[in-house]
Each structure stands twice: as C-alpha cells, then as structure tokens.
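The chain is numbered in sequence order, starting from 1. Excluded from the calculations below are hydrogen atoms, water molecules and symmetry mates; all remaining heavy atoms, backbone and side chain alike, are included.
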Amino acid sequence: MQEKFPTGGETRAGDVLHKMRQDIISCVLKPGEKLRFETLRAMYSVSFSTLREALSRLAAENLVVAEGQRGFVVAPVSIADLNDLTDVRVLVEREALRLAMQKGDDRWEADILSTFHRMDKLQQRLGREYYLSEEWSTVHGEFHLSLVFACNSPNLIEIRKKLFERAHRYRRMSSQFRPQWREKDVEHKMIVDATLAREEERALRLIERHIRETSENVIEHAGHLFESPPVRESGKKTAVAAVAN
C-alpha cells in the first residue's frame, strides 16, 4: 500500500517517498551516503519541502539517519544491526504466522498457493540467477506477506513490512557475492505445507530457520562489507558503496 501525506500534494509526495524507499533498499542510494538536497531534487524533481517530509518519514523507518543541522545520510549497515534485525524479524514473523494459522480461511489458503505458484514458475523461468531479479524479489515479498496476511492486525503487518524491507537491503548487497543460492523453492514448499496443515510448531520452526539461514548466508558471503563504517562524504566510495553499484 502506498504511503500518503495529509496534504494537497499527497499523491506526488507519496510517490517520491516510495521511490526513495526503493532506491535505498536496492542500494541505488548507498549505505552511509550523504543525502544532499540539491542532488535529490534533481533526481526526483520535487520541492525541498517534499524532500524533507519524505526524509523525515524514512528516518522514522530507520532507513535514513538525521544528523542534526547537517542533514541526512542513508542508514549505515553492520553485522550487529543485521543480527538484531534478524532477531526482531523472527519474533514478529512467528507471531504474525501463528495468528494467521488461527484465523486464516479458504481465501487465505488460496492466496498462499497462488503466490507460491507464481514465485515458483518465475524462478524456473529465470534460471540459476533468479535471485538477482527485482521481479522475483517482488513476488518473493508477496509470497511471504500472503503467509501472514490473515493475522488481521494492520499494525503487525506494517511493522513486519518495514523489517522485511530493511532485511532486503542486506540481501541485495550480498547477492553479487554468492556463487549460488540455496534451494529456496524446497524451503518455501515446506513452509506452505506446514502452514496450510496448521502444524503450528513445525511452521514456526521452519519460518524461523528460513529467516536465520538467510541472514547467516548474508554474513558468510558479504560480511566483510559491514566491518567498517562507510565514508559518508559524497564522491568517496567505500567497499559497501562500490559493490552496490
């Protein structure tokens, strides 16, 4: 769902917010990068007031950091942050899935099967490097959302969404260093089967393992990128910035 601002220009402002969020998640705007208003104004063709409002929203989502009178930078990355993020994601994801299994109906089950089918077919069509596809990333996100959507808690769903997006930034950065990804289709199918069978303990164990193994693989293949704080001045690239290009 697209974010909106309570102003006359809410559609335009919401569009800019969405684009900036996606550019941070996909590392177009790199971790630690100084966000200069003139540069952003040229990139997104919006006013300074709209940019400031969007940046304030992104700061609330922990995707950018406000530096007092010095402006904003893209939130840096670190192994400590990834580990903490993973722990919190496990707590939220398990609770949302638990509630969904209690409350889910036939339509919920059909949505899970539909999104899994789309993701599986797309993965087969893309081949071994499916994980580099933004289209697959989108469908993958929709699949995981379908699993928990029946929890009937808009606030829990919103919290989960922000955490998932932050985790995607780490996955995106590590993808270029992986010789191959593990067979996620098997993992996803196991999660689907356990969820639809309402095997609560097994489903929760599988989703936790899925999240934690993904984070472990990020650290294994790209942990070296997160060891040192990135240089924040524009025009100076760190290892993190260079790999995100």
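A distance-only check finds no donor-acceptor pair linking the side chain of E158 to the backbone of N155 [under 3.5 Å]. Under a 3.5 Å cut-off, the side chain of W108 and the backbone N or O of S146 do form a donor-acceptor pair. Here the side chain of T195 pairs a donor or acceptor atom with the backbone of I191 at under 3.5 angstrom. With S45 contributing its side chain and R41 its backbone, the two residues share no donor-acceptor pair below 3.5 Å.
By the 4.5 Å heavy-atom criterion applied to side chains, V64 and L35 are counted as neighbours. Here the side chains of L55 and L40 are in contact, with some heavy-atom distance below 4.5 Å. When side chains are defined from C-beta on, C151 counts as touching I157, because their heavy atoms get closer than 4.5 Å. For the pair E213 and E187, the minimum side-chain heavy-atom distance is below 4.5 Å. Using a 4.5 Å heavy-atom threshold, the side chains of L204 and M101 count as touching. Side-chain contact between F72 and V65 is absent, with no heavy-atom pair separated by less than 4.5 Å. Side-chain atoms of M119 and Q124, non-hydrogen and from C-beta on, never get closer than 4.5 Å to each other. Within the 4.5 Å cutoff, the side chain of V77 has no heavy atoms near those of the D81 side chain.
Salt-bridge check for R205 with E208: failed, with every basic side-chain N at 4.0 Å or more from each acidic carboxylate O.
Here CD1 of I112 is found 11.5 Å from NE2 of H144. Values are rounded to the nearest 0.5 Å. In this structure, the separation between CZ on R166 and CG on L85 is 5.0 Å, given to the nearest 0.5 Å. We find the CD1-OG distance between I159 and S153 to be 7.5 Å, quoted to the nearest 0.5 Å. Between the CD atom of E135 and the CG atom of L122 there is a distance of 4.5 Å, given to the nearest 0.5 Å. Distance check, rounded to the nearest 0.5 Å: OG1 of T86 to CZ of R212 gives 7.0 Å. Going from atom CD of E165 over to atom CD of Q22 covers 6.0 Å, rounded to the nearest 0.5 Å.
At a threshold of 4.5 Å between side-chain heavy atoms, the hydrophobic network of Ile, Leu, Val, Met, Phe, Trp and Tyr places L91 and L145 in two separate groups. The hydrophobic clustering, which links ILVMFWY residues whose side-chain heavy atoms are closer than 4.5 Å, places V148 and F164 apart. Grouping the Ile, Leu, Val, Met, Phe, Trp and Tyr side chains by contacts below 4.5 angstrom, directly or via other members, places V139 with L147. The hydrophobic cluster containing I25 does not contain V74, counting ILVMFWY residues as joined when their side-chain heavy atoms lie under 4.5 angstrom apart, directly or transitively.
For H140 and H168, the ring centers are positioned 6.0 Å apart or more.
Judged by the 6.0 Å distance and 45° axis criteria, R36 is not positioned over the aromatic ring of F48.
The heavy-atom pair separating L29 from M20 by the smallest distance is CD1-O, 4.3 Å. The minimum heavy-atom distance linking V90 with I211 is given by the pair CG2-CG2, 4.0 Å. Contact record, L82 with V218: CD2-CG1, 3.7 Å, taken as the closest heavy-atom pair. Among all heavy-atom pairs drawn from V92 and L163, the shortest one is CG2-CD1, 3.8 Å. Of all the heavy atoms in K34 and G71, the pair that sits closest is NZ-N, 4.1 Å. Among all heavy-atom pairs drawn from A150 and G104, the shortest one is CB-CA, 3.6 Å.
Under the 30°/60° scheme for interplanar angles, the aromatic rings of F116 and F143 are found to be tilted.
Open room surrounds CD on E201; 12 or fewer heavy atoms of other groups in view lie less than 6.0 Å from it. In the displayed structure, K103 atom NZ is contacted under 6.0 Å by more than 12 heavy atoms of other residues, nucleotides or ligands. Surrounding CG of D106 are at most 12 heavy atoms belonging to other residues, nucleotides or ligands under 6.0 Å away.
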For this session: Take D15 and Y44 through the side-chain hydrogen bond (donor to acceptor under 3.5 Å, both in side chains) test and state the conclusion after the steps.
Result: CA-CA 10 Å; D15 183 55; Y44 300 106; over 6 Å; no
Exercise. Where do E61 and R21 land on the salt bridge (charged side-chain N to carboxylate O under 4.0 Å, His left out) test, with the steps shown first?
Worked result: CA-CA 10 Å; E61 298 174 18; R21 182 187 293 118; 2.8 Å; yes
Exercise. Can D193 and K189 be said to form a salt bridge (charged side-chain N to carboxylate O under 4.0 Å, His left out), step by step?
Worked result: CA-CA 6 Å; D193 290 346; K189 184 62 165 60; 2.9 Å; yes
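Partners of R160 by salt bridge (Lys or Arg N to Asp or Glu O under 4.0 Å), not counting sequence neighbours, listed by chain and number: E93. Residues forming a side-chain contact (heavy atoms from CB on, under 4.5 Å) with S49 (at least two apart in sequence, or on another chain): S47.
Each salt bridge (charged side-chain N to carboxylate O under 4.0 Å, His left out) pair with one or both residues in residues 110-120, not counting sequence neighbours, appears once here: R118-E142.
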